[in-house]
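Some notes on the structure that comes next.
Atoms considered below: every heavy atom in the structure, side chains included; atoms not considered: hydrogens, waters and symmetry mates. Just so we're clear, the structure is a prediction, and the values are computed from it rather than from any experiment. Letters go in sequence order (proteins before strands), and every chain restarts at 1.
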4 protein chains.
Amino acid sequence: MAPHQFRLRARYAETDQMGVVHHAVYLVWLEAARVEFCRAAGFDYRQMELDDGVALAVVETHCRYSHPTRFDDEVLIETRIERASPRLLRFAYRLRRAADDHLLATAETKHIFCNRDMRPVRLPPKYWPLFGIS
Amino acid sequence: MAPHQFRLRARYAETDQMGVVHHAVYLVWLEAARVEFCRAAGFDYRQMELDDGVALAVVETHCRYSHPTRFDDEVLIETRIERASPRLLRFAYRLRRAADDHLLATAETKHIFCNRDMRPVRLPPKYWPLFGIS
Amino acid sequence: MAPHQFRLRARYAETDQMGVVHHAVYLVWLEAARVEFCRAAGFDYRQMELDDGVALAVVETHCRYSHPTRFDDEVLIETRIERASPRLLRFAYRLRRAADDHLLATAETKHIFCNRDMRPVRLPPKYWPLFGIS
Amino acid sequence: MAPHQFRLRARYAETDQMGVVHHAVYLVWLEAARVEFCRAAGFDYRQMELDDGVALAVVETHCRYSHPTRFDDEVLIETRIERASPRLLRFAYRLRRAADDHLLATAETKHIFCNRDMRPVRLPPKYWPLFGIS
């Protein structure tokens with residue numbers, strides 16, 4: 001699958017007293033980017049949780065911060081799947097400042113599929129093609 | 001019921017680039033104070049949600065910010081019930097800086113009891129005495 | 001000035017275990033709507049902070065929650081200035097679900113202009129027309 | 001230096017609709033644990049920022065989530081310095097549920113010292129002993 005681009009604008013509430021976006025906020029942005037990635041792949045994340053009771057639990061996050069993001073900066077998040085199986089997904093991300101393409105951060109997140117009780121489950125086969133699982 | 005005191009420390013992530021705690025964070029603090037208020041009244045909020053499927057939905061918040069809170073300030077939150085019925089609760093709060101008792105904010109929040117589908121319900125009578133409902 | 005419309009999508013991180021957007025998040029959304037309101041009025045909020053050292057401190061928030069917002073809901077925020085003077089601003093907001101125009105919340109926020117030391121100041125006259133101050 | 005223990009309670013606002021603490025919140029907790037680590041080492045983080053204009057910027061975070069944290073769980077965070085030099089610090093963390101010592105997560109964060117303009121600087125020597133730098 002081609003990488004997917006998501007664009008957002010840094011909110012005032014997302015800054016801290018150092019005058020830059022707080023580092024925990026990046027994980028929230030990555031999640032928003034994943035949701036849009038899924039939507040672009042023809043897959044409604046909310047509907048999967050509601051219809052199939054399958055959620056994508058985060059088991060690992062890794063983020064390297066290259067350059068501070070400032071309030072009101074427009075940020076481009078490029079998301080791609082690094083690895084996909086019926087049990088787990090691994091996403092990779094590049095965050096750049098839209099104004100000048102400056103690299104802000106790179107990140108990876110690892111996920112397992114789980115049910116409403118947070119137990120690991122296999123992704124229903126109907127979703128496999130969307131993630132490139134065969 | 002006597003007012004209840006809850007103490008917390010302002011986190012770095014809770015500040016914004018103005019160098020003060022972001023105003024939305026106060027609502028998170030009020031909620032933490034309500035949970036401790038309930039615990040002090042002999043009432044486990046989490047257990048009520050789990051056992052009885054009853055939650056306390058927020059229907060109104062009102063907050064006046066008197067003085068900025070800074071990172072690492074210790075904050076005292078005084079919580080009291082202003083009004084209680086089997087259908088709704090109204091809390092009032094005063095937030096002061098622990099170091100010198102300086103008033104930081106005053107607030108009120110209004111709540112209704114609701115079930116897992118977010119429909120209004122009456123509070124089970126076993127909980128009434130804890131809120132001073134007769 | 002005509003009311004201004006801002007559109008956003010509820011993030012997963014913004015929900016809580018009740019399955020709805022947490023009530024504190026609305027204040028973050030209102031702030032994002034104010035920034036876009038300013039931009040639409042030809043006024044760059046970030047630039048005012050940087051160039052003139054003038055910030056818009058929140059002194060009061062009041063929010064009434066009519067209907068829960070769910071993850072991935074698109075939300076329309078209509079923002080207008082209720083009152084403007086060189087010392088203070090008052091905004092009013094209506095939040096509706098984009099899918100069916102259902103009212104989610106109404107809110108007001110009150111602000112004073114202040115300098116980098118959080119002391120009240122008068123808004124520089126060059127900004128007056130943007131807020132309809134004469 | 002001996003590892004340092006910090007205790008906190010998971011807030012309602014920190015949960016998401018999966019019914020567990022959102023993964024981004026852990027980074028906020030790690031930061032609170034670092035501040036308390038510094039305080040226990042005889043070092044006031046806020047004062048360093050104010051007096052010396054030196055801040056500890058986050059350049060990398062890595063977190064593995066072992067078990068979900070629930071609302072109102074008490075969490076113990078064990079923090080230790082993995083590596084310290086006048087230019088960078090590396091912290092490691094273990095998060096456990098206080099009730100039964102169950103491992104919730106492990107994490108590492110990497111930091112550089114920087115000035116108010118976010119440029120890398122060397123930590124003033126007076127702080128070296130506190131971090132075990134010689």
Side-chain angles (χ1 to χ4, degrees), chain B residues 13-35 45-46 48-50 53-70 88 90-91 93 102-121, chain C residues 13-35 45-46 48-50 53-70 88 90-91 93 102-121:
Chain B
E14 293 172 338
T15 61
D16 64 26
Q17 71 178 45
M18 224 183 280
V20 303
V21 171
H22 189 267
H23 62 277
V25 171
Y26 290 65
L27 298 191
V28 175
W29 290 355
L30 300 183
E31 183 177 63
R34 281 196 300 280
V35 169
Y45 184 79
R46 171 160 69 171
M48 181 175 79
E49 271 200 21
L50 289 172
V54 174
L56 201 52
V58 178
V59 293
E60 194 172 338
T61 59
H62 193 176
C63 190
R64 286 160 303 274
Y65 306 86
S66 308
H67 194 83
T69 306
R70 303 275 173 183
L88 69 84
R90 196 173 168 90
F91 287 94
Y93 315 81
H102 201 91
L103 183 70
L104 299 170
T106 56
E108 297 91 42
T109 60
K110 195 171 141 189
H111 308 259
I112 55 167
F113 297 103
C114 65
N115 63 15
R116 289 193 179 93
D117 302 320
M118 298 291 289
R119 303 235 168 257
V121 295
Chain C
E14 293 173 336
T15 61
D16 64 25
Q17 70 177 46
M18 223 182 278
V20 302
V21 171
H22 189 268
H23 61 278
V25 172
Y26 290 65
L27 298 192
V28 175
W29 291 355
L30 300 184
E31 183 177 62
R34 279 195 301 279
V35 170
Y45 184 80
R46 171 161 68 170
M48 181 176 77
E49 272 201 22
L50 290 172
V54 173
L56 201 53
V58 179
V59 292
E60 194 171 338
T61 58
H62 192 174
C63 191
R64 285 160 304 274
Y65 308 85
S66 309
H67 194 83
T69 307
R70 304 275 174 183
L88 69 83
R90 197 175 167 88
F91 287 94
Y93 315 81
H102 201 91
L103 183 71
L104 300 170
T106 56
E108 297 91 41
T109 60
K110 195 172 142 188
H111 308 260
I112 56 167
F113 296 103
C114 64
N115 64 15
R116 289 192 179 92
D117 302 320
M118 298 293 287
R119 304 236 167 257
V121 294

Does any backbone or side-chain atom of C/Glu31 lie under 4.5 Å from a heavy atom of chain B? Answer side chain, backbone, both or neither.
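It is the side chain, since no backbone atom gets that close.
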Measure the [atom1]-[atom2] distance between [X] and [Y] for me, rounded to the nearest 0.5 Å.
X: B/His23; Y: C/Glu60; atom1: NE2; atom2: CD; value: 12.5 Å
X: B/Tyr65; Y: C/Ile112; atom1: OH; atom2: CD1; value: 13.5 Å
X: B/Tyr26; Y: C/Thr61; atom1: OH; atom2: OG1; value: 10.5 Å

At a heavy-atom distance under 4.5 Å, which candidate from B/Arg116, B/Lys110, B/His22 has the highest pair count against chain C?
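Result: the option with the highest number of such pairs is B/His22.
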[X], part contacting chain C, at a heavy-atom distance under 4.5 Å:
X: B/Leu56; value: backbone
X: B/Gln17; value: side chain
X: B/Val25; value: neither

